[in-house]
Amino acid sequence: MIKSSMNLWDRFLFRDRGIIPTKKLVILLGIWSVLLIILSFTEVSWIILISSSIAVLFLSMTDLMFSPNKKSIAMKRIVPNEMERGMTYTVTIEMENDSNHPIRYRIVDGIPQSFQNPFPMNGEMNKGSFIHSYETSAPIRGNYAMNKLYFRYSSTLGLWEKQATFHQEDQVKVIPDLTSTREYLESAQKYLLHEGMKIRKNKSGVGEFSKIRNYVVGDDPRKINWRQTAKLQEVMTNEYEPEHGKYITILIDCGRMMGAELKDSNRLERVLEAALTVALAALQKGDYVSVIAFSKEVHVYVPPGKGMSHHQNILNAVYDIQVTPAESNYGAILNYLETVQKKRSLLLLFSDVRTFLHEETALYYLKRLRQRHLFLVIGIEDETLLERTKEKPEDVLSTMIKSMAQQQQLIKKSEKARWEKEGLQMLEARSEKLASTAVSYYIEIMNRGLL
């Protein structure tokens, strides 16, 4: 009994199949019932009352019979295979009505609950094909399935509504926001200058030859190409770039502290965007890139690869990683890193700097790694803590809060200085500038030939 009631309730809530009365029919029957009650107290014959009731019922049944059959309606969903987190995409629904009856309809698409929901959608459709589209966005990364389309349409007179469910399997991957990656791909110099950074020139004659260009004020006269200068009657100079084929290892922390909420996302979301941008910059320069995502254990490992196609491999591997409730085990991960990365590499660790500073066990492994690799920790600034240190105290409570915030800043500063004496660099950036800061430091390290 309960199961049958649930099935009826599911159908009423726009699920599966069924035929339900519309508000128009309910109002019509209500008015007719009141009239019957009034007429029953008069001298009107019962035969007339029964005949008129049968006529109303016959009218509603006739309206139901002349409504389009469910088999005469077809639907198809067209949805992107990949959607970036927070970006708006258009989903198209192609409909076809083979009957000769126009219909008024409502549609509910079986999208995941976390997606932006614009339903139900109303419309009218005559015989033939029709396209209905809507916009949606996904705030949470992952792999989602879209299985059903729920369709409800009214009869010719609008007394009944029929429900139909169309089954269509679609898989949608919600990947990180690649806005920073696209901006860097369009113009690396413009992207970094917009963020207050600048790609520095390489040292004279150091690195691989890149191209010949016009001499500008400030260039090293020793790099002038006299052969091309004589040929073109213009002063031309050689331009060099860092050597290619270096190894870059990106470490992504997925531990508990990376779930801290920011204005429009959390730390892990920003770290993923920055890591993918750095990976693109390195692959574009011809370097080898590997990625390790971890918390208390390794969740994802992408071996070193070269070429722009490797960026898609990295994206497919890390797009659905999530924050875990466990603390990150830096010692175990750095020990694991020694076994998989034998060649000299630039290690970029995206993590919470404040948490990492208190991991004394990691210092032992880092001292060993420093002999072969170049290590850099990149984190997101605690904006709340910075705001507390800048607040003007107005009472005892606000004074205590400010003093505690300043104390935490001093402790972090002293711990960073202690680690940097061991040759381990650390830096923090605002969440919106994390990607550009990471790319800028990568380019600076490559240009200076530190690797």
Side-chain angles (χ1 to χ4, degrees), residues 176 178-213 216 218-220 223 237-252 270-291 304-308 310-311 314-315 341 343-351 353 370 373-381 420 423-451:
L178 301 179
T179 302
S180 298
T181 306
R182 283 193 300 270
E183 290 177 354
Y184 180 84
L185 192 60
E186 290 174 1
S187 175
Q189 183 66 80
K190 182 179 178 182
Y191 170 70
L192 295 177
L193 285 176
H194 178 71
E195 299 295 339
M197 302 293 178
K198 183 178 180 181
I199 297 179
R200 299 182 180 181
K201 299 290 184 67
N202 202 26
K203 294 180 180 180
S204 175
V206 177
E208 297 179 350
F209 173 77
S210 174
K211 62 182 178 180
I212 300 174
R213 58 172 174 81
V216 296
D219 284 338
D220 190 343
K223 294 194 295 181
T237 183
N238 295 334
E239 184 172 294
Y240 296 86
E241 61 183 18
E243 296 179 0
H244 302 311
K246 301 297 184 179
Y247 283 80
I248 313 298
T249 302
I250 300 175
L251 304 171
I252 302 175
R270 289 295 189 181
V271 162
L272 275 177
E273 297 167 10
L276 290 170
T277 306
V278 173
L280 178 72
L283 293 171
Q284 196 177 42
K285 295 292 184 181
D287 295 330
Y288 293 88
V289 178
S290 61
V291 175
K306 190 178 182 180
M308 297 302 291
H310 188 57
H311 190 267
I314 295 173
L315 179 60
Q341 186 56 274
K343 296 186 177 181
R344 180 170 173 78
S345 174
L346 171 62
L347 307 180
L348 295 178
L349 171 60
F350 289 93
S351 181
V353 173
R370 185 170 59 88
H373 306 286
L374 188 63
F375 188 77
L376 175 64
V377 181
I378 306 177
I380 298 176
E381 289 182 349
E420 288 173 354
L424 305 172
Q425 297 183 356
M426 298 182 181
L427 63 96
E428 289 183 296
R430 297 179 64 88
S431 59
E432 62 272 13
K433 294 185 178 181
L434 182 65
S436 61
T437 302
V439 172
S440 178
Y441 270 84
Y442 156 74
I443 292 175
E444 182 180 6
I445 290 172
M446 293 296 106
N447 285 347
R448 292 172 60 187
L450 299 179
L451 191 59

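Closest approach of Ile252 and Ala275 over heavy atoms only: CD1-CB, 3.9 Å. The two atoms that bring Met426 and Leu376 nearest to each other are N-CD1, 4.3 Å, heavy atoms only. Between Tyr442 and Ala282, the shortest heavy-atom contact is OH-CA, 3.3 Å. Minimum interatomic distance between Glu428 and Val353 (heavy atoms only, all atoms of both residues): CG-CG2, 3.7 Å. Taking all atoms of both residues into account, the shortest heavy-atom contact from Ile378 to Ala438 is CD1-CB, 3.8 Å. The shortest non-hydrogen separation linking Val439 to Ala281 is CG1-CB, 4.2 Å.
Judged by distance alone, with hydrogens and angles left aside, the side-chain atoms of Ser345 form no donor-acceptor pair with the main-chain N or O of His373 at under 3.5 Å. Between the side chain of Ser440 and the backbone N or O of Ser436 there is no donor-acceptor pair closer than 3.5 Å. In this structure, His311 contributes its side chain and Leu276 its backbone to a donor-acceptor pair below 3.5 Å.
The closest side-chain donor-acceptor pair between Thr277 and Ser180, if any, does not fall under 3.5 angstrom.
Rounding to the nearest 0.5 angstrom, the gap separating the NZ atom in Lys285 from the CD1 atom in Ile443 is 6.0 Å. Atom CG of Leu251 and atom CG of Leu348 lie 8.0 Å apart (nearest 0.5 Å). Atom-to-atom distance recorded for Glu432:CD and Ile380:CD1 is 9.5 Å, nearest 0.5 angstrom. For the atom pair CG (Leu283) and CD1 (Ile248), the distance works out to 9.5 Å, reported to the nearest 0.5 Å. Atom CD1 of Ile212 is separated from atom OG1 of Thr237 by 9.0 Å, given to the nearest 0.5 angstrom. Note: Ile314 CD1 to Ser290 OG = 8.0 Å, rounded to the nearest 0.5 Å.
The one candidate from Leu374, Ile250, Thr249, Val278 that meets the side-chain contact (heavy atoms from CB on, under 4.5 Å) condition with Leu346 is Leu374.
Partners of Arg344 by side-chain hydrogen bond (donor to acceptor under 3.5 Å, both in side chains), not counting sequence neighbours: none found. In this structure Tyr288 satisfies the side-chain hydrogen bond (donor to acceptor under 3.5 Å, both in side chains) test with no other residue, sequence neighbours excluded.
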As a quick check of understanding, evaluate side chain to side chain contact (heavy atoms under 4.5 Å, CB included) for Met308 and Leu280, giving each step before the final call. CA-CA 7 Å; Met308 297 302 291; Leu280 178 72; 2.9 Å; yes
